[in-house]
Each structure stands twice: as C-alpha cells, then as structure tokens.
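All remarks here apply to the structure that follows.
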Amino acid sequence: MRRFTFIFLGIALVVFLAYSFKPVTAAKSDVCVLISGKIVSIKKGASNDIQIRLENDSHYYYINRGLEKGINLAQLSSKVLNKTVTLYCLNRWTIVNPDGIVPHISKMEKGTTVVYSEF
C-alpha cells in the first residue's frame, strides 16, 4: 500500500509540473487579462525579447522575440515610455505565476491605438 501511495504521488507531481511549465501559446483576447499602467522602463531582454516594466507593478512584462519581429526599440520607447498603456496578458495559473498573470504581452494599446498585437 505504501508503494502505491508513492507511485500515485509521483505521477501526480509529474502531471502538476508538466501543466505548470507548458509553453506560452498563441492567445486570444478572451483568455487575456487587461493590465493598465504607466510604462517606466523598456529595454532589450534575453532572446531578443523586449522587456517592459509598469509603475508600481512587480511583474516583468515582455514581447516575445520582439526585436526579431522587427519592432524598433527606440521607436517603441518614443511612443509609449512614460505613457499609460493597456497590456493584454494570458490569464493562466502556473507554478511560477501563482497570481495567474503570464507576463507575455499579446497586445499593447495606448488609448485606442494598437501599438503591438499578436492577434
């Protein structure tokens, strides 16, 4: 009986971890959470990502492979740095994002203007 318990717990742990670390997939706007805030930092990140920080927010948001997609960092900074934007981020719980906010930016709007979108 004890062996069965360890096997069951081991399988449950593997399933839990596999779900928690599944890659970010293409999102649709209905599965995103909207986050508004003033952008205080934009910089190049690892793997040609564009990292974005919002004022009074502990998350590090990013546009995945943004530089490879042809986004110009200087132009993006001039458009949105120190401006209030709305970010569309995936709403999915993982072990590394227990609050449910995946910091991958699927869409960014400044007012009614779409600055970036994967949709």
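- Interatomic distance, CD1 of Ile7 versus CG of Leu9, reported as 10.5 Å (0.5 Å rounding).
- Rounded to the nearest 0.5 Å, atoms CD1 (Ile50) and NZ (Lys44) are 10.0 Å apart.
- Note that CD1 of Ile35 and CG of Asp57 are 6.5 Å apart. Values are rounded to the nearest 0.5 Å.
- Between the Lys69 side chain and the Ile63 main chain, no donor and acceptor come within less than 3.5 Å of each other.
- With hydrophobic clusters built from ILVMFWY side chains whose heavy atoms lie under 4.5 angstrom apart, Leu34 does not share a cluster with Val115.
- Taking every heavy atom of both residues into account, Leu54 and Val40 meet most closely at C-CG2, 4.0 Å.
- Residues Ile101 and Cys89 come closest through the heavy atom pair CG2-CB, 4.3 Å.
- Partners of Asp99 by side-chain hydrogen bond (donor to acceptor under 3.5 Å, both in side chains), not counting sequence neighbours, listed by chain and number: His59.
- Separation of atoms CE (Met108) and CG (Leu87) is listed at 5.5 Å; rounding is to 0.5 Å.
- In terms of the salt bridge (charged side-chain N to carboxylate O under 4.0 Å, His left out) criterion, residue partners of Lys107 (sequence neighbours excluded) are, by chain and number, Glu109.
- Hydrophobic clustering, with ILVMFWY side chains joined whenever heavy atoms are under 4.5 angstrom apart, keeps Leu67 apart from Tyr62.
- Taking both residues in full, the closest heavy atoms of Asn48 and Glu68 are given as ND2-OE2, 3.2 Å, listed atom of the first, atom of the second, then distance.
- Remark: Ile39 CD1 to Lys83 NZ distance equals 10.0 Å, nearest 0.5 Å.
- Surrounding NZ of Lys43 are at most 12 heavy atoms belonging to other residues, nucleotides or ligands under 6.0 Å away.
- Of the possible donor and acceptor atoms, none in the side chain of Ser47 sits under 3.5 Å from a partner among the backbone N and O of Asp49.
- Linking Ile, Leu, Val, Met, Phe, Trp and Tyr whenever their side-chain heavy atoms come within less than 4.5 Å leaves Val102 and Tyr60 in two separate clusters.
- Cluster annotation: Val85 is not connected to Tyr88 through the hydrophobic network of ILVMFWY side chains, with a link wherever side-chain heavy atoms come within less than 4.5 Å.
- Nearest approach of Val33 to Leu90, heavy atoms of both residues: CG1-O, 4.2 Å.
- Asn72 and Ala74 get closest at one heavy-atom pair: OD1-N, 2.9 Å.
- Side-chain atoms of Arg53 and Tyr61 include no donor-acceptor pair closer than 3.5 Å.
- Atom OH of Tyr116 sits about 10.5 Å away from atom CG of Leu76, to the nearest 0.5 Å.
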